[in-house]
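Here is the naming used below: chain letters follow the sequence lines, and residue numbers restart at 1 for every chain. Below, each value reflects all heavy atoms present in this structure, side chains not excepted, and no hydrogens, waters or symmetry copies.
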Amino acid sequence: GAGVSQTPSNKVTEKGKYVELRCDPISGHTALYWYRQSLGQGPEFLIYFQGTGAADDSGLPNDRFFAVRPEGSVSTLKIQRTERGDSAVYLCASSTRDSREQYFGPGTRLTVT
Amino acid sequence: AQSVAQPEDQVNVAEGNPLTVKCTYSVSGNPYLFWYVQYPNRGLQFLLKYITGDNLVKGSYGFEAEFNKSQTSFHLKKPSALVSDSALYFCAVRDPGTASKLTFGTGTRLQVTL
């Protein structure tokens, strides 16, 4: 079956621009997670959705970052006024409500120039 | 706060030899523990997990891990390494009191040579 998909796979943008990153979870998975992975580091948690609502957004670094999941399936991570420090791979994962393991997508590599 | 330590940046092993990738954790209460593998330009792939029960858990591709509560460790092992096992391995912990985030270690690069 289809896994988690993320688009685009690569995104290059200029400092100060706005970007949107999309995640399409595994069908039927109610939980969705966003992580950010900087070079040489492990993934760091950003936000978690259960259904349409953000159940935990404690990992969002500041108010330039925002995520939505309006219909409880696809999610969009939005970054305003991008900075060079935002450059990283953004990973999305999904799981069933009661599952303990999360299944990851291939990520979006964001480069801010 | 929960945390994970992977003390080795890189582990080198010859094909056919056993391998161990180390992981220690810190979490309040009983942890949920995971190992993921990452191949170049690919996402994280789930290998195995410990939730409860037998301390030795078996996962994909012949990997296993041993949960040791007294040493707060969850080392990844494989009896006989393959060159194709060369990748980046991440240990992660989840506080069972939450339904959300995994906390990852910084990763260990496994290099298996002929």
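- Ranked by non-hydrogen atom pairs under 4.5 Å with chain A, the options B:Arg109, B:Gln38, B:Gln45 are led by B:Gln38.
- Of the possible donor and acceptor atoms, one in the side chain of B:Tyr36 sits under 3.5 Å from a partner among the backbone N and O of A:Gln102.
- For B:Gln6, no part lies under 4.5 angstrom from a heavy atom of chain A.
- A:Leu77 is not connected to A:Phe66 by any chain of hydrophobic side-chain contacts under 4.5 Å among Ile, Leu, Val, Met, Phe, Trp and Tyr, and they are in different clusters.
- Contacts of B:Leu102 with chain A are made by both backbone and side-chain atoms, with heavy-atom separations under 4.5 Å.
- Between A:Phe104 and B:Phe46, the gap from one ring centroid to the other reaches at least 6.0 Å.
- A continuous path of ILVMFWY side-chain contacts below 4.5 Å connects B:Val93 to B:Phe74, so both sit in one hydrophobic cluster.
- Linking ILVMFWY residues whenever their side-chain heavy atoms come closer than 4.5 Å, directly or via other members, places B:Phe67 and B:Tyr89 in the same cluster.
- Using a 4.5 Å cut-off between heavy atoms, A:Gln6 does not touch chain B at all.
- Residue B:Tyr61 places its OH atom among 12 or fewer non-hydrogen atoms of other residues, nucleotides or ligands, all under 6.0 Å distant.
- B:Phe104 and A:Tyr35 have their aromatic ring centers within a separation under 6.0 angstrom.
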Do B:Phe34 and A:Glu101 pass the side chain to side chain contact (heavy atoms under 4.5 Å, CB included) test, and can you show the C-alpha distance, the side-chain angles, and the key distance before you say yes or no?
-> CA-CA 8 Å; B:Phe34 305 84; A:Glu101 62 263 31; 4.2 Å; yes
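- When hydrophobic clusters are built by joining Ile, Leu, Val, Met, Phe, Trp and Tyr residues whose side-chain heavy atoms come closer than 4.5 Å, directly or via intermediates, A:Trp34 is not grouped with A:Val89.
- The cluster map of Ile, Leu, Val, Met, Phe, Trp and Tyr, joined by side-chain heavy atoms under 4.5 Å apart, puts B:Val27 and A:Phe45 in different clusters.
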